[in-house]
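Both ligands and their constituent atoms are indexed starting at 1 by order of listing.
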Amino acid sequence: MAFIELKNICKQYKGNPKNSVTDFSLDIDEGEFIAFVGPSGCGKSTTLRMIAGFEDITSGELYIDGRKVNEVKPADRSIAMVFQNYALYPHMSVEKNISYGLKNMKVPADQIKEKTDWAIRILGLEEYRKRKPKNLSGGQRQRVALGRAIVKDSKVFLMDEPLSNLDAKLRVSMRNEISQLHKKLKNTTIYVTHDQVEAMTMADRIVLMKDGIVQQVGKPMELYEHPDNIFVAGFIGSPQMNFFHCKVQDGQLVFPDGAKYQLTNEQNHKLAGRSEVVMGIRGEDIKFSDLYIQQHPENIMDALITNIEVMGNENNLYFEIGGQQTVARVDKYEVCQEGDTRQFVFNPDKMHFFDSKTERTIR
Ligand SMILES: Nc1ncnc2c1ncn2[C@@H]1O[C@H](COP(=O)(O)OP(=O)(O)O)[C@@H](O)[C@H]1O
Ligand SMILES: [Mg+2]
């Protein structure tokens, strides 16, 4: 296990005028599971590869266990990496694939056997140890790739979108397996993904990036409940948070089509001195139940339901607020039909307000 410190790390590739990573600072605790998440091209892989030592660090400092490693070769950083396109050796069996790296490192044979047996057991690959990769399922192959990483006694695991080649169902079961594995091994792990669900479900802490810049670092529910800006609020959670550009007038929120919402005292206090604001609300915080409607009689609004997505465990209702497409997540027992007009209220405690220029959360 190891702790990792990134201090003001920047990366500019040769021939690329733009910084790919700018001023990335983060302290990672021993044993932590960190997810780097963000849209394609935001600098996740670049950052991971700098930590691994596969890319030079343009400026800034990287420490592993308190030792500065900017100039240390990848092989001497005690890290193991699992990639999206893990290439297994096609002519080698599962056990040979797993033990091959140790042989190359000139580890004594009895230790190789012990380590390989341990990895095969921990990954549930006993039945398949003599099989070649072509006779394995995608998930089994991915486990072999993990096996190659875990036998190396590395202090740090780095994983770059390791599940993105698997089908949706397998991704769900493999993400659970990787979480379980981390609970057993407790290695410091950095996991790169563009999938916010993977980040939310696996990570102790999430680092959300955009355009090479860290937007927010925090526990999954911190990002979900208390996003620092509109980008974070919109990236985390599905369906996406609804956003409305509103005016603030006489203690009311005025939607683009003139619909009005009576702000609470607390909200008025928060928005004091502002004339416009972006209001954000998640689908599950738009409430159709009688209980909520009775609690907030001053702010009842009407929704003309234009589409219903039946998810099985819940329903997504589409309608317009203030002239803008909106989605609410409701209980599966909340039965309604397209064309129905239903009353709803916002849960005032879950309304988010953002500065309309800086897009930062108003606290
Ligand atoms: N070898 C390279 N040379 C120049 N630019 C690169 C190179 N590799 C990546 N980039 C650029 O750096 C940015 C970050 O890329 P990357 O770290 O791969 O993003 P991510 O993994 O988040 O999708 C992108 O704009 C990409 O085009
Ligand atoms: Mg990448």
If you measure from each non-hydrogen atom of Thr46 to ligand 1, which part falls under 4.0 Å: side chain, backbone, both or neither? both
Are Gly38 and ligand 1 in contact, using a heavy-atom cut-off of under 4.0 Å? no
Side-chain (Lys152) to main-chain (Ala149) donor-acceptor, under 3.5 angstrom: no
Does any N or O in the side chain of Asp257 come within less than 3.5 Å of the main-chain N or O of Gln324, such that one atom is a donor and the other an acceptor? no
Counting non-hydrogen protein atoms only, what is the nearest one to atom 18 (O) of ligand 1? Give residue, atom name and distance. Ser45 CB, 3.9 Å
Could you tell me the residue and atom name of the protein heavy atom closest to atom 24 (C) of ligand 1, and the distance to it rounded to 0.1 Å? Gly41 O, 3.6 Å
Polar protein atoms (N, O or S) that approach the Mg ion (ligand 2) to under 2.8 Å: Ser45 OG
Sorted by chain and number, sequence neighbours left out, side chain to side chain contact (heavy atoms under 4.5 Å, CB included) with Arg129 holds for Glu95, Asp117, Ile120
Once the angle between the rings of His182 and Phe33 is folded into 0 to 90°, is it parallel (under 30°), tilted (30 to 60°) or perpendicular (over 60°)? perpendicular
Quick one: does Leu125's side chain get under 4.5 Å of Val144's, heavy atoms only? yes
Main-chain N/O of Phe157 paired to Asn187 side chain as donor or acceptor, under 3.5 Å: no
Quick one: look up the protein heavy atom nearest atom 9 (C) of ligand 1 and list residue, atom name and how far away it is. Tyr13 CE1, 3.4 Å
Is a side-chain donor-acceptor pair under 3.5 Å present for Thr22 with Asn19? yes
Using the benzene-type ring in the case of Trp, are the ring centres of Tyr63 and Phe3 under 6.0 Å apart? no
Check: of Cys42, Ser20, Gly212, min heavy-atom distance to atom 12 (O) of ligand 1 comes from Ser20
Would you say atom 26 (C) of ligand 1 touches the protein, meaning some protein heavy atom is under 4.0 Å from it? no
Pick from Phe346, Phe344, Phe244, Phe353: which one makes a ring pair (Phe, Tyr, Trp, His ring centres under 6.0 Å) with Tyr261? Phe346
Would you check whether Lys14 has a nitrogen or oxygen atom less than 3.5 angstrom from a nitrogen or oxygen atom of ligand 1? no
Does any part of the side chain of Glu161, heavy atoms only, come nearer than 4.5 Å to the side chain of His194, both counted from C-beta? yes
Taking atom 5 (N) of ligand 1 as the reference point, the nearest protein heavy atom with its distance: Asn16 ND2, 3.0 Å
